[in-house]
Number of protein chains: 2
Amino acid sequence: MRHSKQREIIHSIVQGTQTHPTADWVYNQARKELPNISLGTVYRNLGQLVESKTLNTVNVDGIIHYDAFLSNHQHFQCKTCNQVFDIEVNTQDFISQVESKTKYKIDRCQIHLVGICEKCQNN
Amino acid sequence: MRHSKQREIIHSIVQGTQTHPTADWVYNQARKELPNISLGTVYRNLGQLVESKTLNTVNVDGIIHYDAFLSNHQHFQCKTCNQVFDIEVNTQDFISQVESKTKYKIDRCQIHLVGICEKCQNN
DNA sequence: ATAATAATAGTAATCATTATTATTATTGTT
DNA sequence: AACAATAATAATAATGATTACTATTATTAT
């Protein structure tokens with residue numbers, strides 16, 4: 001993988017937010033620095049960064065969101081404001097429970113919780 | 001909601017399979033009985049059946065799959081054969097754990113496990 | 001039987017994502 | 001430093017899943 005200004009900027013944009021951005025959001029941010037950057041370039045680079053395990057993806061209602069927070073964590077989505085929050089939970093017990101009950105070998109566990117966040121409960 | 005032959009057939013097709021079918025798969029099955037049925041009709045009816053809590057949806061890699069098995073369960077996807085299997089697990093402990101740690105009110109918990117199924121492990 | 005209108009088939013439109021392609025930029029080698 | 005090889009790019013077209021539109025048909029309460 002060669003170096004490119006575009007990839008550098010795309011990477012730093014995703015790293016600089018907690019909001020689990022979409023490709024389109026990253027594209028709009030990147031254009032502030034590189035007005036001629038192409039949406040295809042954003043998709044390709046995000047894809048490469050996922051490939052090289054620099055970023056993770058989160059699928060929210062069929063749309064890919066990107067996440068620079070790599071440590072094992074899960075997601076909570078508020079159905080009122082639609083924001084996605086990181087939550088840290090232990091899933092190993094859970095995985096072991098399933099592996100012992102079934103004959104499946106599990107190597108990924110994605111948990112998506114939906115509900116109402118603290119802020120929206122008070123509004 | 002009025003009665004329609006199309007909805008009746010669509011419903012029975014989803015009920016008659018364990019494979020978590022997509023709209024397109026249901027469409028192709030339905031055409032065997034109603035050759036002129038429209039894909040839009042399939043989408044609209046599947047949507048209505050979800051709305052009326054007759055079916056559930058499972059989002060697999062950005063594509064909506066439908067599921068007539070309503071009781072609380074989760075999904076395991078084999079990364080080799082791509083099949084999605086139902087798994088029954090208790091999530092209440094898990095939800096309580098998160099609710100006590102955070103201030104979120106949780107009303108849905110979707111767990112998507114990825115790994116290798118028994119069959120594919122032996123191939 | 002009829003009137004009101006929900007549902008349909010057929011088709012066009014939308015939206016996220018991927019593919020194509022000619023041009024540009026990076027990098028290892030003279 | 002110039003060069004050759006080729007990865008990466010911008011611009012654009014294509015794809016695939018899903019939704020919207022519309023004139024016609026089917027259902028249902030009266």
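Atoms considered below: every heavy atom in the structure, side chains included; atoms not considered: hydrogens, waters and symmetry mates. Chain letters run A, B, ... following the sequence lines, proteins first and then strands; every chain starts at 1.
Residue-level contact check: B:L39 touches the bases, meaning some heavy atom is under 4.0 Å from a base atom. Within the nucleic acid shown, B:N45 comes within 4.0 Å of sugar-phosphate atoms alone, with no base atom in reach, counting heavy atoms only. As judged by a 4.0 angstrom heavy-atom cut-off over every strand, A:R7 is placed among residues touching the sugar-phosphate backbone only. At a threshold of 4.0 angstrom between heavy atoms, the contacts of A:T41 include nucleobase atoms, whether or not backbone atoms are also involved.
You'll find that the side chain of B:R2 is closest to C:dA4, out of C:dT27, C:dA4, D:dT19. In the set C:dT5, D:dA7, C:dA9, the nucleotide with an atom closest to the side chain of B:S38 is C:dA9. Comparing atom distances between the B:A23 side chain and each of D:dA11, D:dT18, C:dA9 picks out D:dT18 as nearest.
Atom pair A:K5:NZ and C:dA25:P shows a separation of 14 Å (rounding to whole Å applied). B:Q6 places its CD atom 12 Å from the C1' atom of C:dA6, with the value rounded to the nearest Å.
Shown here, D:dT28 forms a base pair with C:dA3; the pair counts as Watson-Crick or G-U wobble because both key distances fall under 3.5 Å. Nucleotide C:dA12 forms a Watson-Crick or G-U wobble pair with D:dT19, both donor-acceptor distances falling under 3.5 Å.
Around atom CZ of B:R108, no more than 12 heavy atoms belonging to other residues, nucleotides or ligands sit under 6.0 Å away.
Between the base of D:dT9 and the side chain of A:R44 there is no donor-acceptor pair shorter than 3.5 Å.
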